[in-house]
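Just below is one structure, and these are the notes that go with it.
A quick note: this is a predicted structure, and the numbers were derived from the prediction, not measured. Start at 1 and go down the list; that is how both ligands and their atoms are numbered.
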Amino acid sequence: MKFSFKQLVHKNSGFVALITFAILLIVSGCTPNDPQSTFGIGGPIARQQADLFILIFWVAVIVFVLVEGALVYILFRYRHKKNNPLPYQSHGNTRLEIIWTIIPAIILAIIAVPTVKGIWDQQSGVPLDSGEPLTVEAIGHQWWFEFRYPDLEISTANELHIPINRPINFKLQSEDVIHSFWVPKLAGKVDMMPVNDNYMWFIAEEPGMYYGQCAEFCGIAHALMRFRVIAESETDFENWVDGMHTPPVLPKNESEQNGRTLFTQQCSMCHTVDSYSPGSYAREITSQDERWTSWVNDIENSVKVSAPNLTHFGLRSTLGAGLKEFSAENPDNLIKWIKDPSKIKIGTRMQKHANIYKGGEANLKDEEIEDLANYLLSQKPNIK
Ligand code: CUA
């Protein structure tokens, strides 16, 4: 019995459709438009790494086609059949063995050159001709990112503002377990280790929002540990820096006023909102350390835990470490977050340790939760 290729496809059309769908699904992951695609290159480090990937990819494709092609050919040509001859027996052929040892060695040597150069460029620090670098200390916590700008005396969380076309020098740390700092469009991932600092740098060439994600399994909310990089023009960045050093607008109504009182009573033990005055940066670092020590010394009962700095929270657009978006016009997610954070993000330490969450949901009236949200949304620099 003989089958043509056409008949074969026809007989197994369901299977062929499934394979085609699977391939399309995999290939669709390569679109540079995806917010976390490494192919959506946003700067020189990302470009160097993507070029290296493409080089290795095509070398691998050629090797795959040649090796698998030869294998498939031989399987069919010499399959067990009456008239088929026994293939040439090459065991112990020194010349062939030398050839197939040397060829892979040459291929690996070719790949090694740009790989070592890439590692060197990334790890030897910012090149002198790329401009004055900005230093950022990024600290991983279960499960959010703290960002400190030691030279600008700013401490913030989960939304990292950077100027475009200026190298950003990162010192990566972790307060608890191993996390990994990854902004796919700007650079490959680098681990954030407790005790041992790691370093990396990148440049964003275009203004925009770049998505980041923790890339090392770090506990129950690992998949929900995200952040965003907001790359902006030098002027916009300076305005943001000035704003972060300016006190917020005063409460405009009774709701914001109530919210402020509630915040001071219930939230301010862990969340700072006043890191805008001289000296407040040093104070925040000390407080953050104290909260951590308090928690680590009594993990079950501590009433304090390391927490994101919420200074000028009204400038932000995401909550729960880049998980949900909100705005003054649409504060629903913020209200839901305050009411029952673990509904949005499993494992939040806020819910476990803050007194108002004894028993689960916040022990607050709906109006009080709205007051808190209104107060947080109002936290913006008082600049005309
Ligand atoms: Cu932090 Cu995964």
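- Ion pairing of Arg291 with Glu175 is absent here, as no side-chain N (NZ or NE/NH1/NH2) approaches a carboxylate O to less than 4.0 Å.
- Seen from the ring of Trp182, Arg226 does not count as a face-on cation partner, given the 6.0 Å and 45° thresholds.
- Remark: Glu368 does not engage Lys339 in a salt bridge, criterion side-chain N to carboxylate O under 4.0 Å.
- The side-chain heavy atoms of His161 and Phe147, taken from C-beta on, include no pair separated by under 4.5 Å.
- Annotation: ring-ring contact (aromatic ring centres under 6.0 Å, His included) contacts of His245 (sequence neighbours excluded): none.
- Note on atom 2 (Cu) of ligand 1: protein N, O or S atoms under 2.8 Å away count 4, no waters included.
- His222 and Phe217 have perpendicular rings, their planes meeting at more than 60° on a 0 to 90° scale where under 30° would count as parallel.
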